[in-house]
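Presented below is the structure to which this report refers.
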Amino acid sequence: MKKLLFSTLSLVMVFFAGGCGDFDLTDSAESKGNEKITIKIAWWGEKPRHDYTLEVIELFEEKYPTINVEPIYSNWDDYWKRLAPMAAGNQLPDIVQMDMLYLKTYSENYLLEDLTPYVDQNLIKTDSISEAILSGGKIDEHLYGFPLGLNAPAIIVDQNLLSSGADNKPNANWTWSDFEKIALQVHKEKGIYGTNGMKSPDVFFSYFLRTKGMNLYNKTGTGLGYEDDQLFIDYFDMQIRLLDKGAFPRADVTEQIKGIEDELLVKQQSAMQWVYSNQYIGFLQATNRQLELLPPPGPGQDAGLSVKPSMLFSMSKSSKHKEAAAQFINFVINDIEANKVIKGERGVPISTKVVQKIEKDLSPAQKKVFDYVNEVKNTNKKVDKADPLGSNEVVKLLQDVSEQILFKKITPAEGAQLFRSEATTILSNNN
């Protein structure tokens, strides 16, 4: 039997037959005279995202005066804690900002509406969006999450915190050996960490595996996607070497990071920061310093780097105002003025029309993010899909094993065996 993500969801998930079904899109909020309705929208993020999203909501309400939008927002950890009891009580907000890690779990528990009918009847317009990108929000043939933007793994570098010497500068073609050497040199010369803690481990271990032609999960989601545990050992051995020489932060140091203002790069305690590309602007704002955006080390970057939906908007099956919710999703995706406010903070816009219209208004830093993602997208046509059922448990397991390794409670070899054994059990029981 498939395990649910949250224990509070067990015993209460039922299939609601009402769903979307057949509907007349003319029966939307616009056509109901002056009767005002309210839709709720939930998202996670830092304060800059909250601020501009409230601006976007104001723009939407000006265009659709019969629709009132009630915002619900918090940071990443609190967001999912708040969402769980809402889901258990079948009271999810009309629109839920969704992550690829959780998309399958929520959809499998009949919590999300299939957006395909709203696309088919042109309430959510997709004429300038590729099918490959939309597939990132699909489970089988059902569109349970609409991608809000694209991003890719990256490294942010503060050149002023690097050690001196031309051979100690990262570049687009650097290797893992280069990365390790640069991190060590930074610590030796500057007395700070060479790199942050490379969190979240599932993101960057997955990248490392892809550079080797492997994946974290197999194609069916029933097990891990790599057979040789030496890959796991090599990845964490590198971190241990850096840790032992002071170039990598201890786990108790990274545990103190609660927001972007606490990040080591922001506090000038690290020269390099592993991120997703859409985080670059946030780090620029938080540091108020010049920062570079580079691909992670190779070789194998062409295979290792791929774009993924940075996040998605999902519509709750329990929503009583689905057409209005669809109108808001369409507004965020396709409205030019809204996207001039967003400026790609949720990832590079998926609409080619939107990108063409707002590119001239981008700052050099914002354009740098757009160019980076477009280069990845043009090199590797693959768009990441939703993680398998149980992946949230696997990610938590990997985080726990990673911390045990970095606290020196177990070796990378022991961690590799532990992760394989427990991850295989989780995935086989869920899929």
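Everything quoted here is computed from the prediction, not taken from an experiment. What's counted below: heavy atoms across the whole structure, side chains too, no hydrogens, waters or symmetry copies. Along the sequence shown, residues are numbered consecutively beginning with 1.
Closest non-hydrogen pair, Leu83 versus Pro93, comes out as CD1-CD, 4.4 Å. For the residue pair Leu103 and Gly136, the shortest heavy atom distance occurs at CD2-O, 4.5 Å. Minimum interatomic distance between Gln399 and Ser200 (heavy atoms only, all atoms of both residues): NE2-OG, 3.5 Å. In terms of heavy-atom proximity, Pro153 sits nearest to Leu305 at O-CD2, 3.3 Å. Between Asn339 and Pro349 the shortest heavy-atom distance is OD1-CG, 4.0 Å. The two residues Lys212 and Leu231 have their closest heavy-atom pair at CG-CD2, 3.8 Å.
Counting heavy-atom neighbours within 6.0 Å of Glu375 CD, excluding the residue itself, gives a total of 12 or less. In Gln91, the CD atom is not crowded: 12 or fewer heavy atoms of neighbouring residues, nucleotides or ligands sit closer than 6.0 Å. Residue-environment remark: CG (Asn288) stays at or below the threshold of 12 foreign heavy atoms within 6.0 Å.
Contact of the Ile342 side chain with the Val332 side chain is registered, since non-hydrogen atoms from C-beta on lie closer than 4.5 Å. Between Gln97 and Arg49, the closest side-chain pair of non-hydrogen atoms falls below 4.5 Å. Considering only heavy atoms from C-beta on, Ile192 stays 4.5 Å or farther from Gln268 through its side chain. The shortest distance between side-chain heavy atoms of Asn215 and Arg210 falls below 4.5 Å. In this structure the side chain of Asp99 never reaches within 4.5 angstrom of the side chain of Met311, judged on heavy atoms. For the pair Tyr79/Val96, a side-chain contact is recorded, criterion being any heavy-atom separation below 4.5 Å from C-beta on. Residues Asp127 and Lys353 form a side-chain contact, since some pair of their non-hydrogen atoms from C-beta on lies under 4.5 Å apart. When side chains are defined from C-beta on, Ile240 counts as touching Pro412, because their heavy atoms get closer than 4.5 Å.
The main-chain N or O of Glu414 is found under 3.5 Å from a side-chain atom of Thr411 such that the two form a donor-acceptor pair. For the pair Lys360 (side chain) and Lys357 (backbone), a donor-acceptor distance under 3.5 Å is present. A donor-acceptor pair under 3.5 Å is formed between the side chain of Asn429 and the backbone N or O of Thr425. Counting only distance, with no hydrogens or angles, the side chain of Thr352 and the backbone of Ser128 share a donor-acceptor pair below 3.5 Å. When atom types are taken as modelled, the side chain of Ser277 and the backbone of Ala154 share no donor-acceptor pair closer than 3.5 angstrom. In terms of modelled atom types and a separation under 3.5 Å, the side chain of Asp387 and the main chain of Ser391 share no donor-acceptor contact. At distances below 3.5 Å, not a single donor-acceptor pair connects side-chain atoms of His187 with backbone N or O atoms of Gly194. At distances below 3.5 Å, not a single donor-acceptor pair connects side-chain atoms of Tyr118 with backbone N or O atoms of Lys125. The closest donor-acceptor contact from the side chain of Asn380 to the backbone of Asp302 lies under 3.5 Å. One N or O on the side chain of Asp262 and one on the backbone of Lys258 form a donor-acceptor pair closer than 3.5 Å.
One finds the CG atom of Leu312 at 13.0 Å from the CD1 atom of Ile95 (value rounded to the nearest 0.5 Å). Note: Glu323 CD to Asn330 CG = 13.5 Å, rounded to the nearest 0.5 Å. From Glu359, atom CD reaches atom CD of Gln366 across 11.5 Å, with rounding to the nearest 0.5 Å. The line from CD1 of Ile67 to OG1 of Thr38 is 10.0 Å long, rounded to the nearest 0.5 Å. Between atom CG of residue Leu216 and atom OH of residue Tyr207 there is a gap of 15.5 Å, rounded to the nearest 0.5 Å. Separating the CD1 atom in Ile129 from the CD1 atom in Ile350 is a distance of 4.0 Å, to the nearest 0.5 Å.
In this view, Tyr226 and Phe205 satisfy the ring pair (Phe, Tyr, Trp, His ring centres under 6.0 Å) rule, not counting sequence neighbours.
Aromatic ring centres of Trp43 and Phe313: separated by at least 6.0 Å. Under the 6.0 Å cut-off for aromatic ring centres, Trp80 and Tyr102 qualify, their centroids lying closer than that.
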Audit row: Glu403, Lys199, side chain to side chain contact (heavy atoms under 4.5 Å, CB included) steps and yes/no: CA-CA 11 Å; Glu403 290 189 0; Lys199 291 187 175 182; 3.9 Å; yes
Trace of the side chain to side chain contact (heavy atoms under 4.5 Å, CB included) decision for Tyr217 with Val394: CA-CA 10 Å; Tyr217 305 109; Val394 173; 3.9 Å; yes
Derivation of the salt bridge (charged side-chain N to carboxylate O under 4.0 Å, His left out) call for Asp361 and Lys343: CA-CA 9 Å; Asp361 297 316; Lys343 294 180 179 176; over 6 Å; no
Stepwise side chain to side chain contact (heavy atoms under 4.5 Å, CB included) check, Asn75 with Trp44: CA-CA 5 Å; Asn75 63 32; Trp44 74 82; over 6 Å; no
Side chain to side chain contact (heavy atoms under 4.5 Å, CB included) evaluation trace for Ile37 with Thr66: CA-CA 6 Å; Ile37 63 171; Thr66 59; 5.9 Å; no
Intermediate values then yes/no, ring pair (Phe, Tyr, Trp, His ring centres under 6.0 Å), Phe236 and Phe232: CA-CA 6 Å; Phe236 284 99; Phe232 185 104; 4.7 Å; yes
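For the salt bridge (Lys or Arg N to Asp or Glu O under 4.0 Å) condition, the pairs that include at least one residue of residues 276-294, sequence neighbours left out, are Asp158-Arg289, Glu292-Lys368.
For the side-chain contact (heavy atoms from CB on, under 4.5 Å) with Thr126, the lone residue among Ile133, Val119, Asn334 that qualifies is Val119.
Counting only N and O atoms by type, the side chains of Asn151 and Ser310 include no donor and acceptor under 3.5 Å apart. With 3.5 Å as the limit, one finds a donor-acceptor pair spanning the side chains of Gln273 and Glu263. Under 3.5 Å, the side chains of Asn109 and Thr105 contain no donor-acceptor pair of N or O atoms.
Between Asp94 and Lys320 there is no salt bridge, since no side-chain N of the basic residue sits under 4.0 Å from a carboxylate O of the acidic one. With salt bridges taken as basic N to acidic carboxylate O contacts below 4.0 Å, none links Glu393 and Lys396. Asp78 and Arg82 are not joined by a salt bridge, as no carboxylate oxygen comes within less than 4.0 angstrom of a charged side-chain nitrogen. For Arg420 and Asp229, the salt-bridge test passes: some basic side-chain N is under 4.0 Å from an acidic carboxylate O.
Judged by the 6.0 Å and 45° rule, Lys409 forms a cation-pi pair with Phe407.
Ring-plane geometry between Phe179 and Trp274 is classed as perpendicular, the angle between the planes exceeding 60 degrees on a 0 to 90 degree scale with a lower cut at 30. Below 30°, between 30° and 60°, or above 60°: for Tyr64 and Phe331 the angle between ring planes is above 60°, a perpendicular geometry.
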Please set out all donor-acceptor pairs under 3.5 angstrom arising from side-chain atoms of residues 137-148, sequence neighbours excluded.
unit_1, atom_1, unit_2, atom_2, d
Lys138, NZ, Glu131, OE2, 2.7
His142, ND1, Asp114, OD2, 2.9

